[in-house]
Structure formats: structure tokens, C-alpha cells
Amino acid sequence: MTTKGDTESTGQDNGHGGRSRIERYEPAAIEPKWQQRWADLRLYDTDLDDRSKPRYYLLTMYPYPSGSLHIGHWYIITPTDAIARYRRMHGDNVFLPIGFDAFGLPAENAAIKNNINPRDWTMANIETMRGQLRSMGATFAWDAEVVTCDPDYYRWNQWLFLRFLEKGLAYRSVSAVDWCPNDGTLAREQVEGTDRRCWRCGAQVEKRELPQWYLGITNYADDLLDFGGIDWPDPVRIMQTNWIGRSSGAEIVFETAPSPHHAGGEELRVFTTRPDTLFGATFMVLAPEHPLVAALTAPERKAEVDAYVAQSAAKTEIDRLSTDRDKTGVPIGADAINPVNGARIPIFIADYVLGTYGTGAIMAVPAHDERDFAFAQKFGLPIVRVVMPRGADPDAPLTEAFVEKAADFAPAGPPEHHGLLGGILDEVDLLTRGRTATEQIVMVNSGEFTGRPAAEAWHQIVSSLEEQGKGRQAVTYRLRDWLISRQRYWGTPIPVIHCEQCGAVPVPERDLPVLLPETVDYQGSGDNPLARDEAFLNVPCPQCGAAARRETDTMDTFIDSSWYWFRYLSPHKSDGPVDIDKVRDWTPVDQYTGGAEHAVMHLLYSRFFTKAMQDLGLVHEAEPFRRLFNQGQILGADGERMSKSRGNVQDPDELVARYGADAVRLFLMFMGPWDQGGPWSPTGIGGVGKFLNRIWAITLDPHGREPGDPSGGVLPEGETEEVARHRMHAAAHRTLRDVTADYEDFRWNTMVAKLMELSNLLSRYRGTPAAGRREWDEAVELLLLMLAPAAPHITEELWARRLEARGEAWESIHVQRWPELDERALAEATREVPIQVNGKLRDKVTVPSDTSERKLEKIVLEREKVVAAMGGRKPARIIHAGGGRLVNIVLED
RNA sequence: GCGACCGUGGCGGAAUGGCAGACGCGCCUGGCUUAGGACCAGGUGGGGAAACCCGUGGGGGUUCGAGUCCCUCCGGUCGCACCA
């Protein structure tokens, strides 16, 4: 690379022993120049009203302004920028906006630590990062920039919240949050490890019941399972499907039995996906926090039950869910009645049953559920087998739960998280497997249902319960409503006022935005500084005018990112969050790029917001992003996540200073497939540097030669100038064909490799009589055009110099049309055919391209090596692989 | 445990079921140089003097033909994790 001597040789020696006729490639001398020029010409501002060209909304996940860009940002942004440039060369009106995800904890923590204002910290970081983003040569539409901590942005978070509130999509409810005794409430990600400790002080985090604000994402659960019309990677769709966790089954009503202390007759509802196993329910388990626990507990059990409830309340959810934990629980001294056979079964509480899922109560069928089995074994409870493979011995003792179920006999519906993931398995395969299993699993010990296939009984039992009013088909989701309250300063204030008379009153729209106070005491004792800011807190109730207090919770910052791409279209609109006409013209986003770590949270919230905003009449679309691409993650050289604390962060500015932005861009694209990422290693960046030097040399100095080139000035052995010219023409167009396909599919590594091949070929002809001829010129031009989206600066510079040399007026390479493919150039006069005998490669023969199969067979069978390989045996048949790519002679046995 | 993805030279990685290892790094040889961590040319999967043989995590299968498709085992990465 050119860089090494930069400091030592101070440019007086050009590194080529003083022989070269051209100055060397100095990225530092050309890159800022062109960046400035592009900005001055406003080359990349998008006219959103221009309908003369097809629109292309290209979106990349906006960064958090953490302080500076790291190489991972470049890894996302570089190819995204290349897509933008490539689409423009195809005549699309490309919109590539950028902004900053500017609310969040790091700013607040930095404020506490350094005693500066979170806003100042954030805005300073944004300024730094803007400069870095410009240094990459990325073509962002800066005039559409959105900064989420700007009141002009977050007021619309508040406005949307009020609309959600009106619609019943936002509500307040009491729930448990993580609470650190020293630092107050913590976000989920601030609680570390399985022992749940505070990341700052290391104290054990506890749960606190607090009134919190929620958004009703579960209302859209089934809609969110429908991925129709969007082209997203399977892994993301699968993760979202699993996260939503739709389970269809039945809700079944058990009644409590009368006892000495109790009249009985209370209804206990359970959710099960296996109503077919109802006869095997030998006990019942309630979550410790189940509302009926206190009422049902027998007096003599009270002490023990209370102790268990207290004990599990002290535990975190993580502890409770830990799989390897032993089952614990206590009987509450009451029984329930199995509605299907009238059996009295004991009721337990146990923390393996979650209060937040289903009905917070289960019927336990130990024979057919591993967890229930373990519990029954520990507590010596009966285990009754009720389904089994046809022909099995119903009385054989079970050593483990038999959980095999008869395919999917639940009602058809959206994809669920167990088993059948929509369309991924072959349908026919599923049907046959399903049918077989369905017939093979039969009922036993189940009264009138005994002997029937379990799949039938599933439905019959549900209908029979339904008739008696003791149950119904039901669907449950793992997905819960979105808790958006954060007891933090640096976020969007939730626009609500609490009045003793009127309750929680929405802030009137005319009073928006509820501004974050500029100066607060964020140095305080760890709770939300807003809660101590009397000026902020005290307001009159908008309804009755009495003294009232503001809500002090702020919104989860995922709210900001749930609709920001709509705002890019009208960032300064002051009478509403979005411009519905622009939204109609420009969304859904054509291509979204970003990391897979947002597969569930951000991408699910964004889909929810879009659907909710559609229902509010704000937008016309049900889906935000038509196509999604998840690039891989760049890790530190040690294979770990890059982080300042690990000291494995690669500073991109340093690389740009050494190698230039184009080389860094190209190297990131060349490393490997974009969706793969991998450990960072700068070894090899010199390779793309060499490539750029070569482009520089062949463009500016076709007739030059490098010192010591032994083949310099001479065409390859046996090659005429005619042949060389034809080869250049063919190679240029073959490269164009392949590179175009690679751009379309984001295969940057092979794209760069193919351009390297073309430049290697031209380099071989440099200084020979073939150099500088028409075909040479054409190949160089194609090479520059094809490279332009990936390495925008060097190509712009060389393009300008070519124009200048030809006395033509300057026009940016980045407004040129993508070259047209000349199909005729691809045709070769001859082709080389590999010859296999019994599938093994034995020989190759070069024949005229129009050789017929029959003629080719004749030629092939006369080849010396082929005859030898055939060893006197006769061909049974001869395979011609597609289009004469290969011949395979299959011999008789 | 469940789900998804992935195993190819010393390294990053190529390869619509059809010549395995494109392209690059590194390394070797030579050239050019006062010099080179610059530049140019050639070579570089393993074994073998060669003919040739062997090679895409292991084993099986489908096929004229498998890195690619199917089954199975082993190893790795990510996500979920008592969700009834």
C-alpha cells in the first residue's frame, strides 16, 4: 500500500524509484475533496416529490450516538451506501436518510459520572459521528436527518401515545420491575447474570410492584404472525414467531371441592394445549401469585403456603425459570374436581407455574408432561397414562413422561411455536407424518374416549366441555404487552397528569410537547430525577384545575425507533407526526439493513406500530419494511464482541488515515459474505490497496511498466493483439454480467473479486501494444463504473481525469448510467470441455463453440487419455451436461 | 432441553447437482532496487521423481455425477429456555 512512506518520504520520492511517470495514489488528497464537492452540489439530497423516476427507499438502522463510530458501523453502512449508489445508476430516485437514536441510558450515566448534561453529551457525540459518517463518503440525505431527543421528534411520540390511549392501546397497570437498593429501578439490560445483580453497584436486584404504562401489542399478535408480502430472512421470521408463541388449546374450568373449612364451588381456570389428556390430570398447580391462593388455603396449611409465596416473590423470574432447578411447591389443603370424571385432585402451589402465562394455573398430567412428571415423582402423586401408541401396554409403568403428541391436531391458524413452522417443512411430508401419528396415538384410561385416536378425542373433549359450560377452545400467547415505562430522565416524558379527583388524565394535545426540563438534579440518589423536580411535577389538572402531578416515567427508547422512518419523509412537519401523502408514495421501505440483534424487539415493535398507525388512519401500510437484510457482526480480533472495556475496538478513523476510505470500504466488502461478519483482522487490507493502486496505474498510465517486470511490454505467449483485444472486450462484459448479479444480491465479496480479476487482466496488458486500444478503454471505463458504488472517491477522481484528458466537461461518475451489457461480447469462439469417465475427470478438450453433441462424442472418444481410462470397455451412455459444459462417459459394467 | 444457522488449504473465503479451492492474505522463487515491511513476474490443498493417487467434519444414501440433495453421528455459533 501507499501509506507506509507517507510520513518518511514526504512525497518527494514517489515510491517507484523515481521512474514512474504518474503521481501515486494518495487517498488523503482526493477523498475530502470529493466529499466536499458532492456536498456542495447536493448530489444526494432526494426530491421526494420527483415522480419521474422509480422511488427506492433505502433505510439502515440509525446509530446510537455513543461517541464515535466503530468498524461495525462501517460494516453496515458501506454496502448500504453502495446499494444506494448502484440504484441511482439505474435511474432510481433513492432516499437514504440517516439520524440518531439519541435517547437512552448511556447519556444519563455519562451525565452522572462526568456531571454534564445528557443533551450536551449526546449532541457533542452526534457532531463527532456526523463527521465520521461523512468521511466514509456515504451518500446520506442529511436534510432529512432525525434526532430523537429533539422535542420536535419526541413530541410526536407523545402525540402517538395519546392516540393509543384513546384507542385503548395504551393503559396503566401494576407490575413488578427490577429495583436496585442503591441505584433505583433498572432497565432489563442493566441486570447482569443469572444471580441478577446491578451492573453498577453489584447489589442484588429485587422486584417492586409499580404502576406502569403498557402498549397493547398483544392485540396484534395474530397479525404479527402473518409475514405475507414481506421478504424477510427466515431466521427473523422464526424468531418472531417463537417470541409471539401462539399456542392453541383449551381453557378448562375446574371447581374446588367442598372441604371442612370451605364450601367449594370456586372456579379455577386452566389453559392446556392437551385437553385430550384431561383424564390424566391427577393434581392441579397454581402459580404462587394466583389470586385465589389465599382464599383456598386451608387454615392448617396457611403458614407453609404463606412462607412459600413470600419465598417465591423474593425470587427473580430468572431463578424461577431456571430449568435445572428442582421442582418445589406446597399443597394448599384444598381439592379440585376434574370436570370430566369427577375425580378429586389436590391443589398445589409451585413456582414452576407462572402467574403471567395462560391463566396462572395448570391441570397437571404427570404421565404426559415432563415437568408435571418430575413434580409428581417428588411428591409421590399418582401418574395415570391416558394416551399411548396404539397396541402398547396401558399398565406398563412409565419411567418418564410420554409427551409425543398426535401431530398437530389443534385448529388451523397462524403459525405456532411448537413444531410446524409455516412453510418451512415440506407440506406433503407433514401431512403424511401427521396422519400416521394421529392414528397411532390412542386414548386409554379415559372413559368413553378410550380407544379413540387422541387427535379426535382432543376435539370431542373440548366440545363436550363446551356443552356443559366447563371449557372452550382458547389461544394463548407468550407475547406480553409492551411495558414502556422507564424510571429515567433521558427519554420521552409520558404525557399524563395524575389528579386525585380525575385519575390519570392525558395531557391535552395543545400542551404538547411535555418538555424534558433542561436542568435537573441527575446526581441524586438513583431514582428518576424527574420525580424530584418540583417545577416539572406540579401542574394543574387539565380537567378540574386542581393541583396535580405529572407522570414522571419516560418511554422506552424503542418507541423512538418504532416509527422513525416515517418521520424521515417529513422531519419538520409541525402539524402531525407523518405526512400521509409522502408515506403513501414512499413506504413501505424498499430495503432495510441492520443487525440481527434487533430481530425481535425493534423489528417486532416497528411492525406493531405500523399496524396500529394504520388502524389510526395515519398510514396506509400494514408492514414497515418490504425487504430486510441482516448483516453479520464484526467481532474483535479475539472473537468477542467489540467493547471499550475489552479493549478490542477497531478505530475506523485510524484505518481511513492509513489506507483511505475507499480501501476500508472495499476491504469490509471483500472480507466475506455480508450476512456473516466475523472477527476483525486488518491482515489483507493491503490486498485491496494493491488493487486500487493497480486501477490507478492502468487508468492513468496504460503504457507504463513497473520496474523489473520481466514480461513488460510483451503480449502473453502466442497471443496476437487481435486476440488480446477480444479477450479484454469479452472479459469486461462477462465481469459486467456477473458483477451486476452480485450487486443485486449483495454479494460484495465476489463482486470485488471479479473486479480484481478484470484489473489483473488489464494489468497484464499494460505496456503492451494492446493497451490503450478501444477495447482497453472500454474495459477501463466499465471497471470504473462498476467500482464506483463501492469505492466512490478513486473512481470519481479517475473519471474526472479521463474526461479532462479528453477535453470533455466534468460530470460525476455517480450520475452515470450503469453500463449496458453486450451479450454478443460474451460469445466465445471456442470452449473447453472437461471429460469425465465414470464421473472422474480424465481429460479436457477445446472445441469450436458450435460443435454438435455427436461430433463432440466422436472427438472425445478418440482422445488418448480417454481411451486409456476406458480400459477397453464400451460406453453404456454419454452424458452431456447442460449446454456442453462437461461430458461424462458412463462405461458398461 | 427446544429452535435456527454453519463445518471447504496455513488464514478470510469461491463454486445454478457438472473441472473443488475463484479472489485476496500469508508463504516460496526470481526480477527491480544503495535499501525495502515498496513494486513486478511466476509458484503455492496433501502424497509422489513421475504416471497417478487422495482430498470439502465422520458414516450411510439418492444420482451418470454430491462441497452442494436426503438420513445419521460429531463439532461450533446464535436465539429461546419450566410458556402448560
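The chains referred to below are lettered A, B, ... by the order of the sequence lines, with proteins before strands, and numbering in each begins at 1.
- For Arg842(A), whose side chain is taken as the heavy atoms from C-beta onward, the closest listed nucleotide among rC52(B), rG18(B), rG24(B) is rC52(B).
- Separating the NZ atom of Lys865(A) from the P atom of rC53(B) is a distance of 11 Å, rounded to the nearest angstrom.
- In this model, a donor atom of one side chain and an acceptor atom of the other lie less than 3.5 Å apart for Arg727(A) and Tyr765(A).
- Protein atom CZ of Arg246(A) is 20 Å distant from nucleotide atom C1' of rC80(B), rounded to whole Å.
- Taking 4.0 Å as the cut-off between side-chain N and carboxylate O, Glu251(A) and Arg269(A) count as a salt-bridged pair.
- Using a 4.0 Å cut-off, no side-chain N or O of Lys690(A) falls inside it from OP1 or OP2 of rA38(B).
- Going from atom CG of Leu886(A) over to atom P of rA20(B) covers 9 Å, rounded to whole Å.
- Rounded to an integer number of Å, the gap from Arg747(A) CZ to rA22(B) P is 18 Å.
- The CD-P distance, from Glu864(A) to rC52(B), rounds to 10 Å in whole Å.
- Side-chain proximity of Thr750(A) to the nucleotides rA84(B), rA22(B), rC19(B) is greatest for rA22(B).
- Between Asn888(A) and rU63(B) there is no side-chain N or O to OP1 or OP2 distance below 4.0 Å.
- Proximity of Arg478(A) to the phosphate of rA81(B): a side-chain N or O atom is located under 4.0 Å from OP1 or OP2.
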Fill in the dot-bracket string of RNA chain B, one character per base: . for unpaired, | for a pair to another strand, ( ) or [ ] for pairs within the strand, taking Watson-Crick or G-U pairs under 3.5 Å.
(((((((..(((.....[....)))((((((.......))))))(((....)))..(((((..]....))))))))))))....
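- If you measure from atom CE of Met239(A) to atom P of rC78(B), you get 12 Å, rounded to the nearest angstrom.
- Taking atom CD of Gln836(A) as the reference point, atom P of rA20(B) lies 7 Å away to the nearest angstrom.
- Rounded to whole angstrom, the span from the CZ atom of Phe691(A) across to the C1' atom of rC25(B) amounts to 16 Å.
- With 3.5 Å as the limit, one finds a donor-acceptor pair spanning the side chains of His880(A) and Glu857(A).
- Across all non-hydrogen atoms, the minimal contact from Pro673(A) to Asn749(A) is N-ND2, 3.7 Å.
- Put simply, the side chain of Ser763(A) never gets that close to the backbone of Asn760(A): no donor and acceptor are under 3.5 Å apart.
- Figure legend: cation-pi geometry between Lys327(A) and Tyr352(A), with NZ or CZ positioned under 6.0 Å from the six-membered ring centre and within 45° of its axis.
- For the pair Ser681(A) and rC11(B), the criterion of a side-chain N or O lying under 4.0 Å from OP1 or OP2 is not met.
- The glycosidic torsion of rG10(B) lies more than 90° away from 0, which places this base in the anti conformation.
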How far apart are the C-alpha atoms of Tyr743(A) and Asp738(A), what are their side-chain angles, what is the distance that settles it, and do they pass the side chain to side chain donor-acceptor pair (under 3.5 Å) test?
CA-CA 9 Å; Tyr743(A) 266 104; Asp738(A) 295 346; over 6 Å; no
